[in-house]
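Report on the following structure.
Indexing begins at 1, ligand by ligand and atom by atom, following the structure's order. All values below were derived from every heavy atom in this structure, side-chain atoms included, with hydrogens, water molecules and symmetry-related copies excluded.
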Amino acid sequence: MLDASRIAGFKASLRGQFIEPQDPSYEEARALYNGMIDKRPLMIARCADVADVIGAVNFGRENNLLIAIRGGGHNGPGLGSCAGGLVIDLSPMKGVRVDPDARTARVGAGCTQGDVDHATHAFGLAVPAGIISTTGIAGLTLSGGHGYLSRKYGLTIDSLIEADVVLADGSFVTASKEKNPDLFWALRGGGGNFGVVTSFLFQLHPVSMVFAGPIAWDQKHARTIMQLYRDFLPGAPEELGIFLGLKTILSSAPFPEEFWGKRMCLLMSCYNGSEEKGRASLAPLLDALPAPWLNWMGTMPYPALQSMFDGLYPKGMQWYWRGDFVKTLSDAAIDAHLEQAAKTPSELSLMHLYPIDGAVHRMGKDETAWNCRDATWSMVIAGIDPNPQKAGPVTRWTKDYWEAVHPFDLGGAYPNFMMDDEGDTRLKATYGDNYKRLAALKKKYDPANLFRVNQNIKP
Ligand SMILES: Cc1cc2nc3c(=O)[nH]c(=O)nc-3n(C[C@H](O)[C@H](O)[C@H](O)COP(=O)(O)OP(=O)(O)OC[C@H]3O[C@@H](n4cnc5c(N)ncnc54)[C@H](O)[C@@H]3O)c2cc1C
């Protein structure tokens with residue numbers, strides 16, 4: 001039992017909000033993006049600044065509390081929270097300062113991707129990150145970060161220049177190629193294992209208006225589309241980010257009613273450049289394919305693309321995830337995908353193949369903690385439904401789908417697409433030869449495993 005006076009002292013020391021179960025804001029504060037996860041922390045420290053983070057880490061450690069670190073709260077298995085412990089919630093630590101001359105941005109750890117895109121777009125610049133604007137930049141970055149710009153500019157970690165970190169002993173350090181380079185190496189892919197990152201310094205890239213959007217076909221054409229897409233990708237210009245999805249057209253606006261509830265094969269593209277060049281880059285693929293149901297590609301600001309899916313995936317739905325790294329997509333693997341995709345248990349459930357080739361491959365396997373530099377795609381299968389009673393069916397479908405295609409894939413997966421029931425073997429397969437070094441650095445920076453509510457690397 002925690003001494004009430006200690007709690008009161010900690011509360012008084014914070015510049016940010018302190019929330020306990022009896023507080024009216026507790027339910028809202030503990031809610032995570034994934035409605036399937038229902039954790040009741042003992043307390044939530046909404047940190048206003050680095051001093052609050054130092055105080056919270058020290059308080060948690062000195063009182064033997066389980067600690068969870070929360071950025072955007074988007075993590076699949078809800079690793080931004082913990083039952084009965086202390087949540088260090090960084091969401092108030094927003095703020096993005098763009099230096100247009102150096103083309104860098106200093107980003108607070110509480111920012112969402114949308115916050116970053118908004119601030120950098122004013123300068124015609126962007127950080128390569130994911131595809132939903134409400135995702136926290138912190139959790140996404142620390143496990144890698146991939147999206148439309150990855151083929152040209154690499155993973156989010158490949159644009160990380162520096163990070164400020166509060167370590168398990170409460171000390172504050174900066175990690176970069178020059179300062180604490182071993183920690184900087186580990187932060188680039190090793191997740192929340194090494195400390196609480198309070199801000200990131202990113203290299204920005206020229207991205208402003210993009211030619212982008214979805215093209216959807218009847219899923220009966222999916223075999224042909226997957227084969228041609230597989231063969232087209234290696235030769236496609238890196239300015240073209242293009243992922244493939246097997247999913248369902250939702251029975252709601254803005255989709256035309258004639259397609260509601262029908263299974264589709266999707267190509268979702270973003271060409272970072274003019275419409276003319278974008279069309280030319282896609283022509284070899286599209287000219288070989290049957291006529292689509294819908295082609296909604298057009299020229300738009302990059303942040304508009306980044307928030308295009310936000311409304312379809314609001315906070316609070318049931319999500320169960322499984323991922324894999326995929327090197328080649330054989331015809332047999334395509335058949336396995338098609339068999340499973342035909343059994344989706346809900347309209348929102350999906351399989352996506354995100355390309356991680358091009359610039360991602362130009363970094364060596366041991367240059368950052370993110371080892372899987374030779375995969376072609378990061379695959380995700382996500383069972384999703386708004387109804388909590390569908391939690392069982394969407395989970396079962398995801399697991400069955402994964403079991404069917406996993407034999408065609410590599411052993412590991414993007415840690416941000418893993419649940420918390422996959423075990424050490426999966427994590428070891430993910431980090432490959434880098435795992436040993438990560439474990440040694442965990443021992444150096446967090447020997448007591450204070451930060452263990454994550455895809456945990458044991459010291
Ligand atoms: C709808 C949706 C779409 C997505 N699309 C993509 C995508 O396109 N590309 C992609 O790469 N990923 C994508 N993701 C996965 C996403 O990257 C992860 O869910 C990620 O964990 C979210 O980060 P967060 O800060 O919101 O998470 P949180 O739940 O807040 O935190 C998750 C974990 O990150 C760590 N962490 C968070 N903040 C810090 C910090 N400041 N210091 C140290 N550790 C910290 C902790 O270990 C924590 O347990 C998507 C997720 C969702 C739900």
Side-chain angles (χ1 to χ4, degrees), residues 31-37 39 47 50 53 56-57 66-82 87-91 93 107-115 128-150 155-157 163-168 175 186-187 189-200 241 243 268 270 305-307 309-317 319-321 323 348 350 352 354-356 360 370 378 380 382 384 413-420 446 451-457:
L32 297 168
Y33 181 81
N34 186 354
M36 206 185 273
I37 314 291
K39 294 182 180 174
C47 297
V50 175
V53 177
V57 168
L66 186 63
I67 293 178
I69 312 167
R70 176 168 174 168
H74 254 229
N75 186 264
L79 296 172
S81 187
C82 57
V87 175
I88 300 181
D89 180 353
L90 300 152
S91 58
M93 292 177 65
V107 173
C111 287
T112 61
Q113 265 182 213
D115 296 330
I131 64 156
I132 298 255
S133 89
T134 50
T135 307
I137 196 75
L140 176 133
T141 300
L142 293 168
S143 285
H146 56 61
Y148 299 111
L149 304 176
S150 300
L155 301 169
T156 310
I157 47 170
D164 286 343
V165 192
V166 176
L167 299 176
L187 289 177
N193 274 285
F194 299 93
V196 185
V197 174
T198 54
S199 81
F200 300 89
F243 77 78
M268 182 70 202
C270 166
L305 170 68
Q306 288 293 83
S307 50
F309 291 117
D310 291 3
L312 303 181
Y313 300 102
K315 183 175 173 177
M317 297 199 294
W319 285 72
Y320 190 87
W321 302 71
L348 286 161
L350 54 83
H352 284 172
Y354 300 107
I356 45 168
V360 180
W370 217 83
S378 169
V380 68
I384 313 164
Y414 178 36
N416 270 337
F417 289 164
M418 287 183 184
M419 294 302 274
D420 53 0
D446 182 17
F451 303 121
R452 59 184 177 279
V453 183
N454 45 40
Q455 295 298 347
N456 196 232
I457 294 160

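Compare A68, G72, G323 by their heavy atoms: the one nearest to atom 25 (O) of ligand 1 is in G72. Distances from atom 21 (O) of ligand 1 to the heavy atoms of N416, N454, D89, N193 put N416 nearest. Nearest residue to atom 13 (C) of ligand 1 from D420, V166, L32, L140 is L140 (criterion: closest heavy atom). Atom 4 (C) of ligand 1 has its nearest heavy-atom neighbour, among I356, T134, T112, T135, in T135.
An N or O contact shorter than 3.5 Å is missing between L90 and ligand 1 by distance. Here's the thing with W321: none of its N/O atoms is less than 3.5 angstrom from an N/O atom of ligand 1. Considering backbone and side-chain N/O of F417, none are found under 3.5 Å from N/O of ligand 1. Taking distance alone, with nitrogen or oxygen atoms compared against 3.5 Å, Y414 approaches ligand 1 more closely than that limit.
In this structure, atom 46 (C) of ligand 1 lies nearest to the protein heavy atom I69 O, 3.6 Å. Protein heavy atom at the shortest distance from atom 49 (O) of ligand 1 is L79 O, 2.4 Å.
Ligand 1 lies within reach of G145, whose nearest heavy atom is under 4.0 Å from it. At least one heavy atom of Y33 sits closer than 4.0 Å to an atom of ligand 1. Using a non-hydrogen distance threshold of 4.0 Å, G147 does not register as a contact of ligand 1.
Residues passing the side chain to side chain contact (heavy atoms under 4.5 Å, CB included) test with S143, sequence neighbours excluded: Y414, P415, N416. For the side chain to side chain contact (heavy atoms under 4.5 Å, CB included) test, residues two or more places apart in sequence or in another chain that qualify with A109 are L90, F200.
Under the 30°/60° scheme for interplanar angles, the aromatic rings of F417 and H146 are found to stand perpendicular.
Atoms CG and CE, from L348 and M317 in turn, are 5.0 Å apart once rounded to the nearest 0.5 Å.
A donor-acceptor contact shorter than 3.5 Å is absent between the side chain of S81 and the backbone of G78.
Contacts between N34 and ligand 1, counted as non-hydrogen atom pairs separated by less than 4.0 Å, are absent for every part of the residue.
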